Amino acid sequence: MLILRAVLLDGLGQLLILGLMLWLPSLFDWTIGGSSLVGQGGWLIFSMLLYPLLGWLFGSYTVLSWRRVSLPVLLQRLLITAAVSVMVVAIARWLINPSDAVWLVYRRVQLLWMTALTGWVLMVRLALRRGLLFPDAPRLLLLANRDEIQTVLKVWRRIPHRQPLMPVNARGLQRRLDQPEQPLLVAISSSVRSDSAANPVLNRLEICDPRVVRSMSLLKFFELQQERLPPLLMGESTLTFDDLPWAATFSVQGQLKRMADLLVSATLLLLTFPFILTAALLIWIEDRGPVFYVQQRSGWLGRPFRVLKLRTMTVQPVDAPAQWTQPGDQRITVVGGWLRRLRLDELPQLLNVLNGDMSLIGPRPERPELEHDLELCIPHYRKRHWMRPGLSGWAQVCAPYASSIDDSDLKLSYDLYYLRHFSTWLDLVILFRTIKTVLKAGGR
């Protein structure tokens, strides 16, 4: 039923976008304003049936909230669906060779149509995933021991979520399985799985229809629902270096990432050089202090390196102890506040990217003196050093600025997720979200 509704919404989007293209005036021959649908019927039906068929084939309809699809994977599937749709129509046009009056098969029309449709479908899928369109979202249940429940709920509530996580015991879950009123998603702790007393309800879960009742480990539950890996719930063998996508001797994605680092950082340095000069001049005018700020940070495998930034705070004594930057920190200058909001203070770090100390996307580098306390308080903290630090990262676009150990714990959960799910598509999503933050002046 959900897939049928999604197909109907996709069809509605196709018609609305096509109607808009007909209504708009002709701009550089990219729209077909003033044209008519007369003679386009067969190709219109073919295109409208082709898109959902390809969407089903490439998995863009896997959007049930209990079978959550990550945003990078969803975007990848939608782009592939649109690209293949344009290619199939082009091949069909070459084989059939319709008359010039059939404008619907023009490559420029198909590209514009599919590009706009991809944006529409992406919004529909996100609305489906968040339960904004349909009321039959699954009930989230937690099957754990009494001692674990408060810990898990505390981790869960770190991120705002539309649906509450409801703790249940084995008997209560059994009653819900007897008469499920709505789809159920059950998160089960490892201690419950190892408890022989829970075997009856666990066996019952295995024979339930997975389209109605789905169960998974606590860590997988957080991975799918919140796109992070809470370190408190991870075992020592949950994430090893050999599990990482780039751990192999030769990684194509790793080579592409480094190539993109070099090309994009060099291009950005050339394009933003006037902004860096302007910012440097404003910093100097404000307090006549040094323009740049050099600081030691922890990099690949914890090796220290010196990071270069535009100075955004008042000049501090050399022996000043390291401390967290708090909201409304009095050390931040007026010019520095704007540079931080627009993240322009990070631009000189493109030089660190060029020399290999950093990457464009990765965990943010931290000061070694602060990391000592973080490693003592947060399990698995050093695993974030398994990748080069980045200018931006999954934690930067998903979590607030870290100003405490608790904030760092939250950001580490996103860094660990990025380590496990690193891909070119996820890097693109992070890049787009970073651009959005810059345009909204939403930096720290």
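Please read all numbers here as calculations on a predicted model, not as lab measurements. For the numbers below, each heavy atom of this structure counts, side chains included, while hydrogens, waters and symmetry mates do not.
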Separation between [atom1] of [X] and [atom2] of [Y], rounded to the nearest 0.5 Å:
X      : Y      : atom1 : atom2 : answer
Ile332 : Arg340 : CD1   : CZ    : 4.5 Å
Glu375 : Leu370 : CD    : CG    : 11.0 Å
Leu416 : Met234 : CG    : CE    : 5.0 Å
Gln225 : Leu165 : CD    : CG    : 9.0 Å
Asp261 : Leu256 : CG    : CG    : 11.0 Å
Tyr293 : Thr312 : OH    : OG1   : 8.5 Å

Taking atom types as modelled and ignoring hydrogens, do the side chains of Ser359 and Arg388 form a donor-acceptor contact shorter than 3.5 angstrom?
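No, because no side-chain N or O of Ser359 sits under 3.5 Å from a partner of the opposite role on Arg388.
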Exercise. Examine the side chains of Glu223 and His421 and answer whether a donor and an acceptor come within less than 3.5 Å of each other.
Key: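 Yes.
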Report yes if some heavy atom in the side chain of [X] is under 4.5 Å from a heavy atom in the side chain of [Y]; otherwise report no.
X      : Y      : result
Leu428 : Ser423 : no
Asp357 : Leu351 : no
Ile430 : Gln396 : no
Leu391 : Leu347 : no
Phe221 : Ile188 : no
Leu269 : Phe273 : no
Glu371 : Arg384 : yes
Lys309 : Pro348 : no

For the student: nearest non-hydrogen atoms of [X] and [Y], plus distance:
X      : Y      : value
Gly390 : Pro365 : O-CD, 3.8 Å
Val7   : Pro52  : CG1-CB, 4.1 Å
Gly289 : Trp284 : O-CD1, 3.8 Å
Ile283 : Pro290 : CG2-O, 3.9 Å
Leu44  : Leu18  : CD1-CD2, 3.5 Å
Trp156 : Phe222 : CA-CE2, 3.6 Å

Could you tell me whether a side-chain N or O of [X] sits under 3.5 Å from a main-chain N or O of [Y], the two making a donor and an acceptor?
X      : Y      : result
Ser265 : Leu262 : yes
Ser413 : Leu410 : yes
Ser85  : Ala82  : no
Trp113 : Gln14  : yes
Thr333 : Met313 : no
Thr81  : Arg77  : yes

Provide the full list of salt bridge (Lys or Arg N to Asp or Glu O under 4.0 Å) pairs with a residue in residues 270-298, sequence neighbours left out, each pair given once.
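Every pair satisfying salt bridge (Lys or Arg N to Asp or Glu O under 4.0 Å) with a residue in residues 270-298: Asp287-Arg311.
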If you apply the rule side-chain contact (heavy atoms from CB on, under 4.5 Å), what do you find for Ser408 with Ile378, and how did you get there? CA-CA 8 Å; Ser408 296; Ile378 306 175; 4.0 Å; yes
Open item on the list: So, using side chain to side chain contact (heavy atoms under 4.5 Å, CB included) as the criterion, who are the partners of Leu232 when residues are at least two apart?
Closed with: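 Listed in chain order: Thr151, Val155.
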Between Arg125 and Leu9, does the side-chain contact (heavy atoms from CB on, under 4.5 Å) criterion hold? Intermediate values first, please. CA-CA 10 Å; Arg125 298 296 186 273; Leu9 286 173; over 6 Å; no
### Task
Run the numbers on Ile361 and Phe422 for side-chain contact (heavy atoms from CB on, under 4.5 Å), then give the verdict.
CA-CA 10 Å; Ile361 305 297; Phe422 159 72; over 6 Å; no
Review point. Just one of Lys257, Arg433, Arg258 clears the salt bridge (Lys or Arg N to Asp or Glu O under 4.0 Å) bar with Asp427, so which one?
Key: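 By the salt bridge (Lys or Arg N to Asp or Glu O under 4.0 Å) criterion, Asp427 pairs with just one of Lys257, Arg433, Arg258: Lys257.
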Note to self: Taking ring-ring contact (aromatic ring centres under 6.0 Å, His included) as the definition, give me every residue that meets it alongside His385, ordered by chain and number, with sequence neighbours left out.
What the structure shows: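 Here no residue qualifies.
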Legend entry - Derivation of the side-chain contact (heavy atoms from CB on, under 4.5 Å) call for Asp415 and Met387: CA-CA 10 Å; Asp415 287 333; Met387 172 175 272; over 6 Å; no
Practice item. On the 0 to 90° scale, with breaks at 30° and 60°, tag the Tyr414-Trp394 ring pair as parallel, tilted or perpendicular. Key: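 Answer is perpendicular, since the angle exceeds 60°.
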Quiz prompt | Pairing of Glu366 and Lys411 as salt bridge, 4.0 angstrom limit | solution =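 No salt bridge links Glu366 with Lys411.
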